[in-house]
Enquirer: 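I am attaching a structure below and will ask some questions about it afterwards.
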Number of protein chains: 2
Amino acid sequence: MKNQALPTLADVAKRAKVSTATVSRCLNFPDQVSASTRDRVMSAITELGYTPNFGARVLAAKRTNTIGAIIPTMENAIFARGLQAFQEELKYHGFTLLVASSSYREEIEEEQIHKLVSRGADGLLLIGAHRSDKIYKFLEQRNIPVVLSWVFRPDLNQYSVGFDNCEAMKELTNKIIDLGHKNIAVISASMHNNDRAYQRVLGIKSALKDANIEEQSLTIYETSYGIDEGAEAFKKVIKTKTRPTVILCGNDVLAAGAMRQAKKMGIRIPQDISITGFDDLQLASIVSPSLTTVHVPHRKMGKDAAQILVNLVTGRKVKEKSIKLETTLCIRESLGPVK
Amino acid sequence: MKNQALPTLADVAKRAKVSTATVSRCLNFPDQVSASTRDRVMSAITELGYTPNFGARVLAAKRTNTIGAIIPTMENAIFARGLQAFQEELKYHGFTLLVASSSYREEIEEEQIHKLVSRGADGLLLIGAHRSDKIYKFLEQRNIPVVLSWVFRPDLNQYSVGFDNCEAMKELTNKIIDLGHKNIAVISASMHNNDRAYQRVLGIKSALKDANIEEQSLTIYETSYGIDEGAEAFKKVIKTKTRPTVILCGNDVLAAGAMRQAKKMGIRIPQDISITGFDDLQLASIVSPSLTTVHVPHRKMGKDAAQILVNLVTGRKVKEKSIKLETTLCIRESLGPVK
DNA sequence: TTGTAGGCGTTATCAC
DNA sequence: GTGATAACGCCTACAA
């Protein structure tokens, strides 16, 4: 009852009075078959409501036309949007996307990588570069092409398409220093296993150094992803001895939380304190005051990553190992000069 | 070169000096195997870096422990968040999630349904109820359990877990009428193939009727999903002869767009015009004025849907065909009394 | 252009 | 507890 037999290739073949090989060809290489038999086969297929069995097909053909992607979380709009573009491009090339999420946790990501590979993913899109050598070796041994995104890391022996997190944040920090800010606080995502967050903070430090501002005056607060987390962090950060005149947040969501909390506490932005984000989510231009942030070319990143992966998987050459995309500063109302 | 042979069950068996059957048992029913041989097999597995071949497994076992989900778009946070909960619950039960998106288009959804089924999805999560009989028949014939979410539709012969879109919107509209509003405009998602949008507008009409307000005074503007679309719609709607005193938006994103445009045009919210949304995305409480909206229990919906699907797929009984979840009104600053 | 037949890596049913 | 072995549904040389 549960498994009433589904039609198979053989059923179609019988009905169309041809061999299974011919049916298979109709599906995979239609022009190797004469028009008349093809018609006969095709109508047999629709009459029977036949759908090829994916498992069998994979087993026999050894490729799946499937690309896997692992993102930290679907709840973060920036990944979702990049992935949408990635998927559209894959589809255009006849590939299917398999998504998994890691909840920002390294061991879960490894688990998901194994799962996607065992499901026959022909290639993988991963976010960021921080992961164990072991897992990179595993993928190499399995001959599974990997593209890292959200980072530009020519220093690593991996394909990557993304932007320089360090440089982007440094640029923003320079701007902030120009405005006279010296007491700077940072609300960052956990840097431990997140090289994007780490690099961003690195960018801040580098800018400070260039400006001869001592690192001592830099308060860094690490927290996890979320609006409430941003708000909570703001509470903490605001009470450091020398109150910061600006808070650089590692992403827009943390910044939105910080802004919410500031308002709640009657602290005016940017008059009393400036706040900046990173990502340029839609919400950045909607909140008021509008949020100063760094625009990330998520759609282009997704599309480029898809193209590279398709090329790698189909055995074509890929010129550059790493593609660098530009970010742009979005100076909006939430950043003002220090008084 | 491309496909250096991966270790198979047979390789493991040889190395552990047992039969393939035993290795298979170690993997699937460990306690049917003696501890000593199990240890031997397990170490052989790690030494070889063996991973089971998914395709072969599916072919032989006829089930995939995979549930498919098709959402309109990953870019809409509300779906992404519901899906996250859905996925967590599935994982807890040992199932894997396969996601696809339809771009709000019926024919693409059908295509994706076929794809997921051919990939061996044991069950399917779909959003809303609007789709052809043909596709429902297809799924029934294939014996694939389906759960609809985002809607509560006891009138249909399908499992569903969600809320009553009509009732929820009616409740909000009643509140609005209480505040004295009579000139009402609606910015809705396209209703053509979207029963959630359709039902929401139905709720508005129903409330008007109950209050003896003639439908003539109701302006409905349909548009597609997006902030910019909401802004554009606002421009149009605001210039109807009798300018509305309130605009009900079909979702928070459209509402955010409308608010942005209102500000741009110097129209004050809620003094000059009230605006409401639907979904209660995080942005609803962050924008200012904060957005009056309807809270949707997305996480519970995802979790419940996962549980039902797991039960159906594993052949267990499911008591109720439709589960109704409650929505809650979130009255915030963007809604005021009519002057 | 079409057909034959072997094999892909597992699972599961038997015996032993 | 363990081992043979027959499916599972499709692809793809190789032949015709």
Side-chain angles (χ1 to χ4, degrees), chain A residues 2-42 44-45 48-66 114-115 117-120 122 142, chain B residues 2-42 44-45 48-66 115 117-120 122 142-143:
Chain A
K2 181 88 209 305
N3 266 311
Q4 47 174 309
L6 294 179
T8 71
L9 248 203
D11 297 325
V12 176
K14 203 182 302 171
R15 176 155 195 143
K17 302 199 186 306
V18 294
S19 71
T20 59
T22 300
V23 179
S24 175
R25 278 186 211 108
C26 281
L27 259 24
N28 300 299
F29 313 96
D31 31 49
Q32 286 181 20
V33 180
S34 77
S36 63
T37 55
R38 192 172 50 213
D39 287 351
R40 211 145 28 91
V41 170
M42 285 315 189
I45 287 181
L48 260 40
Y50 166 78
T51 320
N53 177 306
F54 182 73
R57 183 173 258 186
V58 170
L59 188 54
K62 296 184 158 314
R63 53 195 160 61
T64 58
N65 273 29
T66 294
H114 279 112
K115 181 172 283 180
V117 167
S118 91
R119 281 183 170 257
D122 294 331
R142 281 278 193 292
Chain B
K2 182 85 209 303
N3 265 309
Q4 47 172 310
L6 295 179
T8 70
L9 249 203
D11 297 325
V12 177
K14 203 182 301 172
R15 178 159 193 138
K17 301 198 186 307
V18 294
S19 72
T20 59
T22 300
V23 179
S24 177
R25 275 186 215 109
C26 281
L27 259 25
N28 299 299
F29 314 95
D31 31 49
Q32 287 181 20
V33 180
S34 77
S36 63
T37 55
R38 193 173 48 212
D39 288 350
R40 211 145 29 90
V41 170
M42 285 314 190
I45 286 180
L48 260 41
Y50 166 80
T51 320
N53 177 307
F54 181 74
R57 186 171 253 188
V58 169
L59 188 55
K62 295 183 158 317
R63 51 196 161 62
T64 57
N65 273 28
T66 295
K115 181 172 283 180
V117 167
S118 89
R119 283 188 166 253
D122 293 332
R142 281 279 193 294
N143 236 289

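All of these numbers come straight from a predicted model, not from anything done at the bench. Chain naming here is simple, since letters A, B, ... match the order of the sequence lines and numbering starts at 1 in each.
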Enquirer: Give the rounded distance in Å between these two atoms: CZ of A:Phe54 and C1' of D:dC10.
Expert: 12 Å
Enquirer: For the pair made of CD in A:Gln32 and C1' in D:dT12, what is the distance, rounded to whole Å?
Expert: 10 Å
Enquirer: In whole angstrom, what separates B:Asp39's CG from D:dT2's P?
Expert: 11 Å
Enquirer: Counting only side-chain heavy atoms from C-beta out, which of C:dG9, D:dC11, C:dT2 sits nearest to A:Leu59?
Expert: C:dG9
Enquirer: On a heavy-atom basis, which atom in B:Pro52 and which in A:Ser118 lie closest, and how many Å separate them?
Expert: O-CB, 3.6 Å
Enquirer: If you define the side chain from C-beta out and look only at heavy atoms, does anything of A:Val33 sit under 4.5 Å from A:Arg40?
Expert: no
Enquirer: Compare every heavy atom of B:Thr64 with every heavy atom of A:Arg119, then report the nearest pair and how far apart it is.
Expert: NH2-O, 3.7 Å
Enquirer: Please list residues of residues 12-24 of chain A whose heavy atoms come under 4.0 Å from any atom in DNA chain D, ordered by number; otherwise none.
Expert: A:Ala21, A:Ser24
Enquirer: Rounded to the Å, how far apart are B:Phe29 CZ and C:dT13 P?
Expert: 9 Å
Enquirer: With the side chain of B:Ala60 defined as its heavy atoms from C-beta on, choose the nearest nucleotide among D:dC10, C:dT11, C:dC8.
Expert: C:dT11
Enquirer: Any idea which heavy atoms bring B:Phe54 and B:Thr66 closest together, and the distance?
Expert: CZ-OG1, 4.3 Å
Enquirer: Could you check whether B:Arg38 gets within reach of a base, just the sugar-phosphate, or nothing at all, counting any heavy atom under 4.0 Å?
Expert: nothing
Enquirer: So, is B:Lys62 near the phosphate of D:dG9, with a side-chain N or O under 4.0 Å from OP1 or OP2?
Expert: yes
Enquirer: Nearest-Å distance, CG (A:Asp31) to C1' (C:dT1)?
Expert: 13 Å
Enquirer: Output the rounded distance in Å from CG (B:Leu27) to C1' (C:dG9).
Expert: 12 Å
Enquirer: With sequence neighbours excluded, give me every salt bridge (Lys or Arg N to Asp or Glu O under 4.0 Å) pair touching residues 15-24 of chain B.
Expert: B:Arg15-B:Glu47
Enquirer: Just call it for A:Tyr50: base, sugar-phosphate, or nothing, with non-hydrogen atoms closer than 4.0 Å on any strand.
Expert: sugar-phosphate
Enquirer: Please compare B:Arg57 and A:Ser36 by the position of their nearest nucleotide in DNA chain C and report the one closer to 5'.
Expert: A:Ser36
Enquirer: Can a side chain N or O of B:Thr37 be found less than 4.0 Å away from OP1 or OP2 on D:dG1?
Expert: no
Enquirer: Of the options C:dT10, D:dC14, D:dG9, whose atoms approach the side-chain atoms of B:Asn53 most closely?
Expert: C:dT10
Enquirer: Distance check needed: D:dC8 P versus A:Asp11 CG, whole Å only.
Expert: 11 Å
Enquirer: Between B:Asn65 (CG) and C:dT11 (C1'), how many Å, whole number?
Expert: 14 Å
Enquirer: Side chains of A:Val117 and B:Thr51: does their closest heavy-atom pair fall under 4.5 Å?
Expert: no
Enquirer: Identify whether any heavy atom of B:Leu9 sits under 4.0 Å from a base atom; if not, whether one sits that close to sugar-phosphate; answer base, sugar-phosphate or nothing.
Expert: base
Enquirer: Taking the side chain as everything from C-beta on, heavy atoms only, tell me whether B:Lys14 gets closer than 4.5 Å to B:Leu48.
Expert: no
